[in-house]
Amino acid sequence: MAILSVSICTERGNALVSRQFVEMTRLRVEGLLSAFPRVSGLGRGKQHSYVDTETVRYVYQPLEDRIYLLLLTNKASNIVDDLGTLRLLAKVVKDTVGSNLNEASVRERSFEIIFAFDEAVTGGGYTEDETVGSIRANLLMKSREEDKENEIIKAKEEKAKVIKERRMAQIAKDKREKRMNLSEQFGSDFGGHIGPRHKHIPEQARREKSSGIIDENPKHFVRGMTLRRTRQDAARDELIDSFIKDVGHKNANDVLGHDITSSVPTPPRSTNILMEEHVTVQMSREGSVESSEVKGTLRLITNTAVVGCSITMKNVVPSISQKCDLGWKFATHPKIDKEKYEKESVLALKEGERIPIGRSVNLLKWSTKSADAAPLIINCWPEENGDGNMNVSLEVSLTRTDLLLSDVGIIMPLGTHRDPHIYSISGVEGEFIHLPEEEEIRWHIGTMDDKKSSALVEFTVSGSDADKLFPVSVSFKSESILCPVDVVGVSSSASGEQVLYSMSKNLSVESYHCGREM
């Protein structure tokens, strides 16, 4: 006997589940099933269990109302064996689906039904000597291949988990080092940050004592040798104070044109300002900017017990910010005097407000989503050369030539552990590192400015799938910021006198990708 197909269909010949055991096209199977209601006489009161046509034999049995189990066999098959197989398969279907047999339940358990059909009928359409119990037992059996595959998947998941934890630990370590470097720029342990404490300066110690600062780690305050204040220190401070009173400049070195404190240690400023920005850019593979966002903050840290500080800005208020042509939006802290800020571009606290000592306070925020704010453009062109390899051209261009970017790095996936062949480099060369385990190449360009504003590398890599070369990731940092705002002076809100301060700017990457799926 040869069973061509086993199907579960409706009285109109619509297949719910169909399994073929010989080579048949889908069009032929659908044609035979659609002819089933007509040749069987369903709906006209005819009661048969099989019907012969010119080419095939229909052997069928109703399972539930309007649902039929149908066997398609050749006309030479044994009808007695066909009917026995039909009854066995009917029991198997009811055992698999359960008592609630309808179209929805059949579709839901379709794969289990097909697996059961395969246990009863082999390839070529020949039946096996099976029972409902043996078929159920075979379907519940464990597979060594499946267990082995599950073990491989579990091992991969465990490996990925270890790599993830390792990278998370590295990211946390990098963040800690970044915070430590930031606190070292301020020159003092403000706000609990770890940094060098200048205990050898008596004036600084007296200032901290008078301001009521209590160190959380008193073990550092030990009796020992201290450096006395020399006449040279007093003369230097007197000279700096005189320049600030006469000129009103934040740094006497800028007025003198040279460093007057190069020979002696400089005490940390009591007020520190940090202007930082984070860039998020998503580009297409052709180099066009799809989305761009820049977020910036101005933070103040003071170690002086004053009522407040007034920070004079430039290019902040829209009426005087003609340079802000990228749609910058600004927002101040709720404790800032809005009227003074809008009229004079001065960040001053409201009357009676105080700046917390030793804590970082965000006074001003700005942002833009202009595509022109992206400082770097990446253009990547992979092309197949016909021999199983691809020629890749990767170009990096600096669009903001007024910036100096440092530590510019490009990470490009390769999709293979094989070494790429670099055959052309122009512009800024940099260093290349191939990581076979990560299947990526890292290009450390270093510094880019108006004189070194572009870099191009061309290489050959094995493979033909260009999608594996994306996304390309970019990283950099800068001591300048994108928004044209600056601090021109800091003064005491109470007395109006100028306040010594230090300022640093930092531009970093939050996310910078080329060719990532949105």
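Quick caveat, the model's predicted, so the values are computed rather than measured. Position 1 is the first residue of the sequence, and the numbers go up from there. We use all heavy atoms of the structure for the numbers below, so side chains are in, but hydrogens, waters and symmetry mates are not.
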Pairwise side-chain contact, Met412 with Cys380, heavy-atom cut-off 4.5 Å (strictly under): yes

Residue pair Phe21 / Gly125: nearest heavy atoms and the distance that separates them: CB-N, 3.7 Å

From OG (Ser7) to CG (Leu32), nearest 0.5 Å: 9.0 Å

Thr368 side chain to Ser370 backbone, donor-acceptor under 3.5 Å: yes

Ser367 vs Lys369 side-chain heavy atoms within contact, under 4.5 Å: no

His417, NE2: over 12 other non-hydrogen atoms inside 6.0 angstrom: no

Donor-acceptor contact below 3.5 Å, side chain Ser406 vs main chain Lys477: yes

Any side-chain heavy-atom pair of Lys505 and Glu479 under 4.5 Å: no

Verdict with supporting geometry, Val361 and Lys335, side-chain contact (heavy atoms from CB on, under 4.5 Å): CA-CA 11 Å; Val361 181; Lys335 294 184 179 181; over 6 Å; no

Over 12 non-hydrogen atoms of neighbours within 6.0 angstrom of CZ in Arg19: yes

Pair Asp467 + Arg285: basic N to acidic O under 4.0 Å: yes

Thr399 side-chain N/O to Ala374 backbone N/O, donor-acceptor pair under 3.5 Å: yes

Positive for side-chain contact (heavy atoms from CB on, under 4.5 Å) with Tyr58, one of Leu71, Leu72, Thr73, Leu33: Leu72

Short side-chain to backbone donor-acceptor contact, Arg57 and Lys75, under 3.5 Å: yes

Flag side-chain contact, heavy atom, 4.5 Å: Leu414 against His434: yes

Residues that Asp129 engages under side-chain hydrogen bond (donor to acceptor under 3.5 Å, both in side chains), provided they are two or more places apart: none

Nearest heavy-atom neighbours spanning Asn74 and Ala2: ND2-CB, 3.2 Å

Closest contact, heavy atoms only, Trp443 versus Val428: CZ2-O, 3.8 Å

Donor-acceptor pair, side chain of Ser34 and main chain of Glu30, under 3.5 angstrom: yes

Heavy-atom closest contact (Cys483 atom, Trp328 atom, distance): CA-CZ2, 3.6 Å

Atom pair NE2 (His421) and CG (Asn389), whose distance is rounded to the nearest 0.5 Å: 10.5 Å

Atom OH of Tyr423: over 12 foreign heavy atoms under 6.0 Å: yes

Any Leu4 side-chain heavy atom under 4.5 Å of Val29 side chain: no

Interatomic distance, Asn138 atom CG to Glu128 atom CD [nearest 0.5 angstrom]: 10.0 Å

Rounded distance [0.5 Å steps], CD1 in Ile410 versus CD1 in Ile445: 4.5 Å

Where at least one partner belongs to residues 106-116, residue pairs that pass side-chain hydrogen bond (donor to acceptor under 3.5 Å, both in side chains), sequence neighbours excluded: none

Distance, nearest 0.5 Å, that separates CD1 of Ile377 from CD of Glu395: 10.5 Å

Intermediate values then yes/no, side-chain contact (heavy atoms from CB on, under 4.5 Å), Lys161 and Glu165: CA-CA 6 Å; Lys161 184 178 179 180; Glu165 293 176 352; 3.5 Å; yes

Atom pair OG1 (Thr460) and CD (Glu383), whose distance is rounded to the nearest 0.5 Å: 11.0 Å

Student check: side-chain heavy atoms of Ile425 and Phe432 closer than 4.5 Å: yes

Backbone N/O of Arg299 and side chain of Thr297: donor-acceptor pair under 3.5 Å: no

Residues Trp366 and Glu277: side-chain donor-acceptor under 3.5 angstrom: yes

Single hit among Glu438, Glu440, His444 for side chain to side chain donor-acceptor pair (under 3.5 Å) with Arg442: Glu440

Trace of the side-chain contact (heavy atoms from CB on, under 4.5 Å) decision for Ile301 with Leu274: CA-CA 8 Å; Ile301 300 178; Leu274 172 63; over 6 Å; no

Full working for side-chain contact (heavy atoms from CB on, under 4.5 Å) between Asp81 and Thr127: CA-CA 9 Å; Asp81 294 338; Thr127 58; 5.8 Å; no

Ser478 (side chain) donor-acceptor with Leu507 (main chain) under 3.5 angstrom: no

Flag for Glu290-Ser288: side-chain donor and acceptor within less than 3.5 Å: no

Exam field: side chain Thr332 to backbone Leu364, donor-acceptor pair closer than 3.5 Å: no

Leu27 CG: over 12 foreign heavy atoms closer than 6.0 Å: no

Heavy-atom closest pair, residues Arg418 and Ser462: CD-OG, 3.5 Å

Pair Tyr512 and Phe476, ring centroids less than 6.0 Å apart: yes

Test item: side-chain donor near acceptor, Thr85 and Asp82, under 3.5 Å: no

Side chain proximity check, Leu376 to Leu398, heavy atoms < 4.5 angstrom: yes

Shortest non-hydrogen contact between Val97 and Ser105, atoms and distance: CG1-OG, 3.3 Å

Student check: side-chain heavy atoms of Met390 and Leu469 closer than 4.5 Å: yes

